[in-house]
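Everything below concerns the one structure shown next.
All figures in this text were calculated on a predicted structure; none of them were measured in a lab.
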Amino acid sequence: MKASEKGLDLIKKFEGFKDYLYTCPAGKPTIGYGHVIDNKLLDLIKATAPITESHAEKLLQDDVKEAQNAINSSVKVTLKQGQFDALVSLIYNWGAYNFKISNGLKKLNAGDYNGAADEFFGKVRGVVSVNDKFSNGLYRRRQAELELWQS
């Protein structure tokens, strides 16, 4: 499966576009629509920033491919498009490794869609904090992902 425009729009909405290098709440160098910069490329990005929105779109597409690959290689049950899109957004934010080792994936592959949704998007388990502080932004994102999951 591939992410739909609805899924991509959700990522864009919550990441926002920045044509300059900034530090995300997790402390990582970032540009465009939340694209994390590899430390090896940091000096190159500093030299070439600002970036265009079309360049940011390309970075987004590349990052989304990683998320799609993580889902397509790890999920063993059938997903609806909304569920797939919600997971793409989640993985874009969490990272593929964290998704692959998550309890949510275990529950999903066991066919427990509701339990998986609670693990992925719930206030208690759905990673809605940054540096151990509750984040309204992440909570709103998880709720939007849950809405997409249920669509």
Within-4.5 Å side-chain heavy-atom neighbours: [X] and [Y]:
| X | Y | answer |
| --- | --- | --- |
| Ile37 | Thr30 | no |
| Ile71 | Leu79 | yes |
| Lys28 | Thr23 | no |
| Ile51 | Tyr20 | no |
| Phe17 | Glu53 | yes |
| Ser102 | Phe120 | yes |
| Val36 | Ile31 | no |
| Lys107 | Tyr113 | no |

Would you verify whether the NZ or CZ of Lys100 falls within 45 degrees of the ring axis of Tyr97 while also being under 6.0 Å from that six-membered ring's centre?
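No - Lys100 does not lie over the ring of Tyr97 by the 6.0 Å and 45° rule.
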[X], [Y]: one ILVMFWY side-chain cluster at the under-4.5 Å cut-off?
| X | Y | result |
| --- | --- | --- |
| Val64 | Trp149 | yes |
| Leu8 | Val88 | yes |
| Ile101 | Val77 | no |

Walk me through it: do Tyr92 and Tyr33 pass the test ring-ring contact (aromatic ring centres under 6.0 Å, His included)?
CA-CA 10 Å; Tyr92 194 90; Tyr33 292 107; 8.8 Å; no
Stepwise side chain to side chain contact (heavy atoms under 4.5 Å, CB included) test for Asp19 and Thr52:
CA-CA 6 Å; Asp19 66 351; Thr52 64; over 6 Å; no
Of the non-hydrogen atoms in [X] and [Y], which two are nearest, and what is the gap between them?
| X | Y | answer |
| --- | --- | --- |
| Ala3 | Phe84 | N-CE2, 3.6 Å |
| Ala117 | Leu146 | CB-CD1, 4.1 Å |
| Ala70 | Ala96 | CB-CB, 3.8 Å |
| Leu148 | Gly7 | CD2-CA, 4.3 Å |
| Gly32 | Ala56 | CA-CB, 3.8 Å |

Ser89 OG to Phe121 CZ distance, which is reported to the nearest 0.5 Å:
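With rounding to 0.5 Å, OG (Ser89) is 8.0 Å from CZ (Phe121).
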CG on Leu87 to CG on Leu105, rounded to 0.5 Å:
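So the CG of Leu105 and the CG of Leu87 are separated by 8.5 Å.
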All side-chain hydrogen bond (donor to acceptor under 3.5 Å, both in side chains) counterparts of Asp62, not counting sequence neighbours:
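By the side-chain hydrogen bond (donor to acceptor under 3.5 Å, both in side chains) rule, Asp62 matches Lys58.
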Pair Leu10, Glu145 - check side chain to side chain contact (heavy atoms under 4.5 Å, CB included), show working.
CA-CA 8 Å; Leu10 185 104; Glu145 290 164 347; 3.7 Å; yes
Please report the C-alpha distance between Leu138 and Asn93 in whole Å, then the side-chain angles of each, then the deciding distance to 0.1 Å, and finally whether the side chain to side chain contact (heavy atoms under 4.5 Å, CB included) criterion is met.
CA-CA 9 Å; Leu138 280 178; Asn93 185 239; 3.5 Å; yes
Pairs in or reaching into residues 67-84: which pass side-chain hydrogen bond (donor to acceptor under 3.5 Å, both in side chains), with residues at least two apart or in two chains?
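For residues 67-84, and leaving out neighbouring residues, the side-chain hydrogen bond (donor to acceptor under 3.5 Å, both in side chains) pairs sorted by first residue read Gln81-Asp85.
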Any pair counted as side-chain hydrogen bond (donor to acceptor under 3.5 Å, both in side chains), so long as it reaches residues 5-16, sequence neighbours left out:
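Found Lys12-Glu57, Glu15-Arg141.
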Heavy-atom count check: over 12 atoms from other residues, nucleotides or ligands less than 6.0 Å from Gln61 CD?
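Atom CD in Gln61 is crowded, with more than 12 foreign heavy atoms closer than 6.0 Å.
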Please lay out, stage by stage, how Leu90 and Arg142 fare under the test side chain to side chain contact (heavy atoms under 4.5 Å, CB included).
CA-CA 8 Å; Leu90 180 81; Arg142 293 293 97 85; 3.5 Å; yes
